[in-house]
Amino acid sequence: MTYQPNATDAFAVRIPGRGQSISPAPFMSARRALAQLGSFLSRVNLALMESSSGAARVRRIEALNAKTDEELAVMGLKRDEIVYHVFKDLYYV
């Protein structure tokens, strides 16, 4: 005699244990996926902001280097102090 499952056995509800998923493939929850996407976009935004800030400082240095020594003297700067002047809010000496 062989076992023949009845309709109740075939459609029995199996409740997953703690930490187990109902689906066979482990998918991220929507909340976790959105949190990771938000974190990634935040890091990209920060990198772009830092990049643009650095580029603005380089442009400022180039503009000051293009001035004559007399123009720099009127501003109270010497040519060797230009980089310090542009970055003085980031570094203190």
Side-chain angles (χ1 to χ4, degrees):
M1 180 170 181
T2 61
Y3 174 73
Q4 304 250 335
N6 60 22
T8 308
D9 291 338
F11 296 104
V13 176
R14 295 186 182 172
I15 299 173
R18 185 175 187 90
Q20 294 178 340
S21 175
I22 293 174
S23 85
F27 292 107
M28 280 192 268
S29 68
R31 184 178 306 228
R32 183 172 172 215
L34 287 175
Q36 287 185 349
L37 177 64
S39 176
F40 171 75
L41 292 176
S42 177
R43 289 191 305 268
V44 168
N45 184 32
L46 181 63
L48 290 174
M49 295 288 285
E50 288 177 355
S51 171
S52 66
S53 173
R57 289 178 192 268
V58 169
R59 285 192 301 273
R60 177 77 174 139
I61 290 171
E62 290 171 349
L64 289 172
N65 273 328
K67 294 185 180 288
T68 63
D69 288 336
E70 292 80 22
E71 291 173 324
L72 290 173
V74 169
M75 295 174 66
L77 287 175
K78 296 179 186 171
R79 193 159 299 278
D80 61 345
E81 297 173 344
I82 291 174
V83 174
Y84 170 75
H85 175 73
V86 172
F87 286 97
K88 67 184 173 189
D89 62 326
L90 295 179
Y91 307 105
Y92 20 99
V93 176

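Partners of Lys67 by side chain to side chain contact (heavy atoms under 4.5 Å, CB included), not counting sequence neighbours, listed by chain and number: Leu64, Glu71, Leu72, Met75. Residues passing the side chain to side chain contact (heavy atoms under 4.5 Å, CB included) test with Val83 are Ile61, Phe87, sequence neighbours excluded. Considering only residues two or more places apart in sequence or on other chains, Arg60 meets the side chain to side chain donor-acceptor pair (under 3.5 Å) condition with none of them. For Leu34, the side chain to side chain contact (heavy atoms under 4.5 Å, CB included) criterion is met by no residue, not counting sequence neighbours. In this view, Arg43 and Ser39, Phe40 satisfy the side chain to side chain contact (heavy atoms under 4.5 Å, CB included) rule, not counting sequence neighbours.
Other members of a hydrophobic cluster containing Met49 are absent, since no ILVMFWY side chain comes under 4.5 Å of it, directly or through relayed contacts.
Under the 4.5 Å side-chain contact rule for hydrophobic residues, Leu37 and Leu48 share a cluster.
The shortest non-hydrogen separation linking Asn65 to Arg79 is O-NH1, 2.9 Å.
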